Amino acid sequence: LTNAQNLKTYLLRIFKLYVFWSVLYFPLFIYTHDFSIKNLVWGLIVVLYGYLWYITALILGMALFYYFLQKFSQKTILILAIFFYFIGCSVEILQEYFSMFSSGFIVEVAHLQIWKLNFVFFAFPFIAIGYYLKKVVQYFNNLRYLYFAVLLFSLELVFSYYFLPLGRNMLFTLSLLTPCLFYYFITTKNFQKKTFLLSNYIDKLPNSIYY
């Protein structure tokens with residue numbers, strides 16, 4: 001992520017996947033809807049963002065991270081990442097409350113995923129946390145952090161169930177639980193075996209699921 005040329009190569013590879021799967025999904029969307037100009041336009045929006053939102057978010061999130069990396073320290077970037085993620089979580093809660101008391105076109109637009117599951121509030125925070133995790137990974141070298149993160153996550157689930165609208169994608173405590181879980185798995189004996197790493201299994205599995 002610190003080398004501009006490597007970053008361009010990586011993003012180009014992702015962009016090619018994005019174009020291929022966009023082309024593949026678009027006819028499927030049109031086939032399942034009545035053909036009209038409205039559905040055609042809506043289909044383009046859904047395919048370009050809805051189906052593959054995580055790819056567009058990843059591409060732009062990487063670019064944003066690289067830009068910040070040239071301007072700020074690692075600690076500042078981490079603080080920005082957590083701040084942006086918390087904004088995204090708050091936006092989702094406001095969206096749900098707003099839709100409970102209002103309806104119409106404005107509500108539909110305000111409720112779009114793009115306002116929360118985007119490169120600023122979703123992708124960039126996790127990219128930054130992942131980068132920071134690699135730099136200071138020893139901070140997570142203790143199961144107590146994982147237990148604490150699971151506890152906080154469970155408490156948020158209970159609180160959300162009773163006091164917040166249902167159907168949320170972004171939870172505040174995921175910003176802590178995700179890196180703790182990630183570190184827990186990459187330090188297992190099976191993961192550290194060369195044969196396991198060289199098999200590209202980890203790279204292929206999530207791609208297979210997502211695409």
Side-chain angles (χ1 to χ4, degrees), residues 1-19 21-22 45-96 109-140 145-146 149 152-153 156 160 167-186 202-203 205-207 209-211:
L1 294 179
T2 58
N3 183 286
Q5 188 55 47
N6 290 342
L7 183 62
K8 287 179 183 178
T9 302
Y10 176 69
L11 294 183
L12 181 61
R13 181 169 68 88
I14 297 175
F15 182 72
K16 288 178 180 178
L17 289 171
Y18 169 76
V19 171
W21 288 99
S22 294
I45 295 174
V46 169
V47 169
L48 293 177
Y49 180 76
Y51 288 143
L52 304 169
W53 64 267
Y54 43 87
I55 304 182
T56 52
L58 176 61
I59 293 172
L60 296 174
M62 286 283 194
L64 181 63
F65 175 81
Y66 181 78
Y67 173 78
F68 282 161
L69 206 58
Q70 314 308 309
K71 302 291 182 180
F72 307 114
S73 66
Q74 292 179 22
K75 186 172 290 187
T76 300
I77 293 175
L78 182 65
I79 293 172
L80 284 173
I82 295 173
F83 176 68
F84 286 162
Y85 183 73
F86 271 55
I87 290 178
C89 292
S90 302
V91 167
E92 185 172 51
I93 293 173
L94 292 175
Q95 282 181 322
E96 296 299 329
V109 173
H111 204 264
L112 289 174
Q113 287 191 130
I114 196 171
W115 306 122
K116 56 192 177 187
L117 298 177
N118 55 40
F119 74 100
V120 177
F121 298 146
F122 187 82
F124 164 72
F126 283 104
I127 292 169
I129 290 172
Y131 181 83
Y132 195 81
L133 183 64
K134 184 177 181 181
K135 294 293 183 181
V136 290
V137 73
Q138 67 271 18
Y139 290 158
F140 294 90
Y145 291 107
L146 178 59
L152 290 181
F153 179 71
E156 183 176 5
S160 299
R168 292 169 60 203
N169 292 292
M170 300 176 68
L171 295 167
F172 293 101
T173 50
L174 282 180
S175 58
L176 177 62
L177 178 61
T178 302
C180 286
L181 278 174
F182 181 73
Y183 184 80
Y184 173 75
F185 283 110
I186 66 173
I202 294 176
D203 179 47
L205 180 62
N207 287 338
I209 294 173
Y210 274 117
Y211 298 132

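Here the structure is a predicted model, which is why all the values come from computation and not from measurement. One-based numbering along the sequence shown.
- Between Y85 and F126, a ring centre-to-centre spacing shorter than 6.0 Å is recorded.
- The shortest side-chain heavy-atom distance between W21 and I55 does not fall under the 4.5 Å cut-off.
- Between the CD atom of E92 and the CG atom of L171 there is a distance of 7.5 Å, given to the nearest 0.5 Å.
- Looking at F65 and F124, their side chains come closer than 4.5 Å, going by heavy atoms from C-beta outward.
- Listed here is the closest heavy atom pair of V120 and P125: O-CD, 3.2 Å.
- Judged by distance alone, the side chain of Q70 and the main-chain N or O of Y66 form a donor-acceptor pair under 3.5 Å.
- You'll find the side chain of K71 stays beyond 4.5 Å of the side chain of I77, heavy atoms only.
- Atom SG of C180 sits about 11.5 Å away from atom CG of L174, to the nearest 0.5 Å.
- For the pair S90/F172, a side-chain contact is recorded, criterion being any heavy-atom separation below 4.5 Å from C-beta on.
- Remark: T178 pairs with no residue by the side-chain hydrogen bond (donor to acceptor under 3.5 Å, both in side chains) rule, at least two apart or across chains.
- Between G61 and A123, the shortest heavy-atom distance links the atoms CA-CB, 4.3 Å.
- The shortest distance between side-chain heavy atoms of L11 and F15 does not fall below 4.5 Å.
- The side-chain heavy atoms of Y18 and L58, taken from C-beta on, include no pair separated by under 4.5 Å.
- In this view, T76 and S73 satisfy the side-chain hydrogen bond (donor to acceptor under 3.5 Å, both in side chains) rule, not counting sequence neighbours.
- No option in W53, F86, F84 other than W53 meets the ring pair (Phe, Tyr, Trp, His ring centres under 6.0 Å) test with F122.
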